[in-house]
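A quick note: this is a predicted structure, and the numbers were derived from the prediction, not measured. Just so it is clear, the values below take in all heavy atoms, side chains as well, and ignore hydrogens, waters and symmetry mates.
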Amino acid sequence: MGQPESREAQQPQLPPGQRLQRGWPVTHYGPVPRFRPDRWEFRVFGATAEQGKHTWTHDEFTALPYNTVVADLHCVTKFSMLDAEWGGVLARTVAEAAPPAGHVTHVMVWAEYGFSSNLRLSDFLDDRTVFATHKDGELLTAEHGFPLRLIVPHLYAWKGPKWVRGIEYMTADRRGFWEERGYHNVGDPWREQRYSYQEEPGDGPGL
């Protein structure tokens, strides 16, 4: 009988332009927000199926079904972490509890200080998109996004903001914080979609 393949033999190639990162660098724009559990609220609003707003307190949100996803993280600054275990609430779990209207095409993810990132609805509902509270079994630190960070493994990491506070269902695309500042509207690392000048027809609003 043949021997099982080594981890190195099974390991997929990194996306173009990326390098393997052993640790987890801290990267973000602006200060680390202070977590106030009594004031914290997660909102789902915009074009919801019930035409209303859904809200969860911190205790209510963390009581939603907990799942783990083993996935890589690819930062646009060119480092990649492989095989991290992200624990938290799947995005589709949120969408099932607070469903979008039938004509929704995109989601805007909102975080502290008004930070935002836009996603196609299909990316948001991907089986591995998760609102993470833990990494490798440990609670996230404040610098890495506690109490809630979105992980979208198949897109660059800026598409998954730290310190998430809610989502907005949208019936048309519009750019988020970094997308308005020259980053690619889709952000697929395997296609090296880093900057807006690389966008092709259909990649962004008005294209």
Rounded distance (nearest 0.5 Å) linking atom CZ of Phe177 with atom CG of Asn118: 13.0 Å
Nearest non-hydrogen partners of Leu121 and Val104, listed with the distance: CD2-O, 3.5 Å
Closest contact, heavy atoms only, Ala95 versus Pro100: O-CD, 4.0 Å
Check this for me: Arg36, atom CZ, are more than 12 non-hydrogen atoms of other residues, nucleotides or ligands nearer than 6.0 Å? yes
Name the orientation class of the two ring planes belonging to Tyr183 and Tyr195 (parallel below 30°, tilted from 30 to 60°, perpendicular beyond 60°). tilted
Shortest non-hydrogen contact from Ile151 to Ala132? CG1-CB, 3.9 Å
Tell me if a side-chain donor or acceptor on Thr129 pairs with a main-chain N or O of Leu125 at a distance below 3.5 Å. no
Quick check for you: to the nearest 0.5 Å, what is the distance between Asp72 atom CG and Leu20 atom CG? 9.5 Å
Using a strict threshold of under 4.0 Å (side-chain N to carboxylate O), is an ion pair present between Glu192 and Arg194? yes
Check step by step if side-chain hydrogen bond (donor to acceptor under 3.5 Å, both in side chains) holds for Trp110 and Glu168. CA-CA 8 Å; Trp110 289 98; Glu168 176 188 0; 3.1 Å; yes
Check: Glu200 main-chain N/O paired with Asp203 side-chain donor or acceptor under 3.5 Å: yes
Minimum heavy-atom distance between Thr93 and Pro65, given as atom pair plus value: CG2-CD, 4.0 Å
Strictly distance-based, threshold 3.5 Å: is any side-chain N or O of Asn67 a donor or acceptor partner for the main-chain N or O of Val89? no
Check: Leu140 and Thr133 side chains under 4.5 Å, non-hydrogen atoms: no
If you define the side chain from C-beta out and look only at heavy atoms, does anything of Trp158 sit under 4.5 Å from Val76? yes
Would Asp188 and His154 count as having a side-chain donor-acceptor pair, cut-off 3.5 Å? no
Could you go through His74 and Ser80, starting from their C-alpha distance and side-chain angles, then the distance that decides it, and tell me whether this counts as side-chain hydrogen bond (donor to acceptor under 3.5 Å, both in side chains)? CA-CA 4 Å; His74 305 296; Ser80 290; 2.6 Å; yes
Do you reckon Met108 sits in the same ILVMFWY cluster as Phe124, going by side-chain contacts under 4.5 Å, direct or chained? no
Would a distance-only check, ignoring hydrogens and angles, find a side-chain to backbone donor-acceptor pair under 3.5 Å from Arg149 to His144? yes
For the ring pair His58 and Phe35, is the centre-to-centre distance below 6.0 Å? yes
Rounded to the nearest 0.5 Å, what separates atom CG in Leu148 from atom CH2 in Trp163? 12.5 Å
Where do Pro33 and Glu112 come nearest, in terms of heavy atoms and distance? CG-CG, 3.8 Å
Please determine if Glu179 and Lys159 form a salt bridge, counting it only when a charged side-chain N lies under 4.0 Å from a carboxylate O. yes
Taking Val69 as the starting point, is it possible to reach Val164 by hopping between hydrophobic residues whose side chains are less than 4.5 Å apart? yes
For Pro161 and Ser117 the tightest heavy-atom approach is CG-CB, 3.8 Å
Quick one: does any side-chain atom of Thr48 pair with a main-chain N or O of Phe45 as donor and acceptor, under 3.5 Å? no
Hphob cluster co-occupancy, Leu139 + Val130, side-chain heavy atoms under 4.5 angstrom: yes
Roughly how far, to the nearest 0.5 Å, is NE2 of His103 from OH of Tyr169? 13.0 Å
Would you confirm whether Asp173, through its side chain, and Gly204, through its main-chain N or O, come within 3.5 Å as a donor-acceptor pair? no
If only atom types and distance count, is the side chain of Trp40 paired as donor or acceptor with the main-chain N or O of Pro147 below 3.5 Å? no
Is any NZ, NE, NH1 or NH2 atom of the basic residue among Lys135 and Glu85 found under 4.0 Å from an Asp or Glu carboxylate oxygen of the other? no
Is the ring centre of Tyr66 less than 6.0 Å from the ring centre of His134? yes
Atom pair CG/CG of Leu14 and Leu82 - distance to nearest 0.5 Å: 5.5 Å
Give, for atom CG of Asp136 and atom CE of Met81, the distance between the pair rounded to the nearest 0.5 Å. 8.0 Å
